[in-house]
Amino acid sequence: MNAPLIETRALTLAAAGRVLVQSLDWRAAIGERWCVIGRNAAGKSSLLRTLAGVGDAALLRGGRVSWLGRVAADWPTTDAAAVRSFLPQQASDRFPITVQRLLELSVVQPRHEAAATLDALDALALAGRNVLELSGGERQRVALAQCAVQGAPLLLLDEPVAFQDPAHQLQVAQWFDTLHRDHALVISAHDVNWIARAATHVLALLPDGHCEQGSAAEMLDADRLRRVYGCDWRAVGSDAGRVWVAQ
């Protein structure tokens, strides 16, 4: 592709008199897994929704988002669904349908087989279940499957492991590894050690609205984590088994 899958130019978001994102120039390409990090209310969800083209227009104070070189707002809805899928923090289900039927309704362009995707997320046994009866963690894994079977190459995922136990957090990270050849992922998350496992790149939202970006290896260091989260950090263990601890 000549154009990046997604790109922002001078993107600025503000709310309640505070700048959340200041003049962000950024891009993501196929094969990259970006994790967006920042404190609570830093603007991670607002940024993800804006990148997906479903954000609050009142927050946008300047700049633009483009998919494949075309301004996101100019894409017809059906075409947009073929380019990007969006996972909000929590599903909002209204109808008692089965997981299988939900996935059937989610397909825009066939790319991933539903049963195989559910199996990879330890959710195959949920296929016949009513979505209204799932636990938070189960519903979140089903939502990830929805994003995959939609068939879009760009996945924008807001806290996709917030409700997962440690084993399922690892399983989701391993599943992300299998998507890298055909997708770009942009993920918000809080667990620094999970981010170190899952991300190839990190976009950090600082309290003053400025952003820093780069490879996960260079972005996850004690000084930067302190500036992002407002507390001290130390690394325990060797490079191969490093664990970040807040203190």
Side-chain angles (χ1 to χ4, degrees), residues 5-6 28 30 33-34 36 44-46 48-56 67-68 72-73 75-189 194 198:
L5 189 51
I6 185 170
I30 292 289
R33 298 187 301 277
W34 284 84
V36 182
K44 299 184 298 298
S45 294
S46 295
L48 263 290
R49 293 184 66 85
T50 299
L51 296 179
V54 296
D56 183 349
W67 307 322
L68 297 175
W75 286 75
T77 301
T78 302
D79 293 343
V83 175
R84 61 91 181 95
S85 60
F86 173 63
L87 173 76
Q89 286 188 18
Q90 287 186 290
S92 179
D93 296 307
R94 298 182 180 181
F95 305 105
I97 63 175
T98 66
V99 168
Q100 181 64 40
R101 182 57 178 154
L102 181 67
L103 296 188
E104 291 170 354
L105 293 172
S106 300
V107 177
V108 174
Q109 52 184 3
R111 182 186 292 261
H112 296 280
E113 200 272 328
T117 302
L118 288 173
D119 191 35
L121 291 165
D122 190 28
L124 185 57
L126 305 177
R129 293 269 302 277
N130 182 337
V131 294
L132 299 178
E133 297 174 352
L134 301 178
S135 72
E138 289 172 336
R139 184 62 183 87
Q140 192 173 49
R141 295 199 304 281
V142 168
L144 285 168
Q146 282 182 265
C147 286
V149 302
Q150 181 177 319
L154 174 63
L155 275 62
L156 301 161
L157 311 174
D158 195 359
E159 298 196 29
V161 293
F163 300 112
Q164 302 304 318
D165 58 57
H168 283 114
Q169 287 186 17
L170 177 59
Q171 190 163 21
V172 170
Q174 292 170 337
W175 179 65
F176 287 163
D177 289 342
T178 70
L179 301 178
H180 76 279
R181 293 181 181 177
D182 303 308
H183 297 78
L185 280 70
V186 186
I187 307 156
S188 68
W194 183 85

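Residues D79 and W67 fail the side-chain proximity criterion, which asks for heavy atoms closer than 4.5 Å. Using a 4.5 Å heavy-atom cutoff, the side chains of L170 and Q174 are in contact.
Looking at every heavy atom in both residues, Q140 comes nearest to F163 through OE1-N, 3.2 Å. Closest heavy-atom contact between L157 and L48: N-CD1, 3.8 Å. The shortest heavy-atom contact between L51 and V186 is CD1-CG1, 4.2 Å. Counting all heavy atoms, side chain and backbone alike, Q89 lies closest to E159 at NE2-OE2, 3.5 Å. The two residues G151 and R111 come nearest to each other via the heavy atoms O-NE, 2.8 Å. In terms of heavy-atom proximity, A148 sits nearest to T117 at CB-CG2, 4.0 Å.
Atoms CG and CD, on L105 and Q150 in that order, are 12.0 Å from each other to the nearest 0.5 Å. In this structure, the separation between CH2 on W194 and CD on Q164 is 10.0 Å, given to the nearest 0.5 Å. R33 contributes atom CZ, which lies 7.5 Å from atom CG of L185 (distance to the nearest 0.5 angstrom).
Residue pairs satisfying the ring-ring contact (aromatic ring centres under 6.0 Å, His included) criterion with at least one member in residues 82-132, sequence neighbours excluded, are listed as follows: H112-H183.
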Going by atom type alone, with no hydrogens or angles, which donor-acceptor pairs under 3.5 Å involve a side-chain atom of residues 121-134 and a protein atom two or more places apart or on another chain?
unit_1	atom_1	unit_2	atom_2	d
D122	OD2	H168	NE2	2.7
R129	NH2	E133	O	3.2
N130	OD1	L132	N	2.8

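Screening L87, L144, L179 for a side chain to side chain contact (heavy atoms under 4.5 Å, CB included) with L155, the sole residue that qualifies is L179.
Here the side chain of Q146 pairs no donor or acceptor atom with the backbone of S106 at under 3.5 angstrom. Judged purely by atom type and a 3.5 angstrom limit, R84 uses its side chain to pair as donor or acceptor with the backbone of A52.
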Evaluate the criterion side-chain contact (heavy atoms from CB on, under 4.5 Å) for residue pair D93 and R139; output intermediate values, then yes/no.
CA-CA 10 Å; D93 296 307; R139 184 62 183 87; 2.7 Å; yes

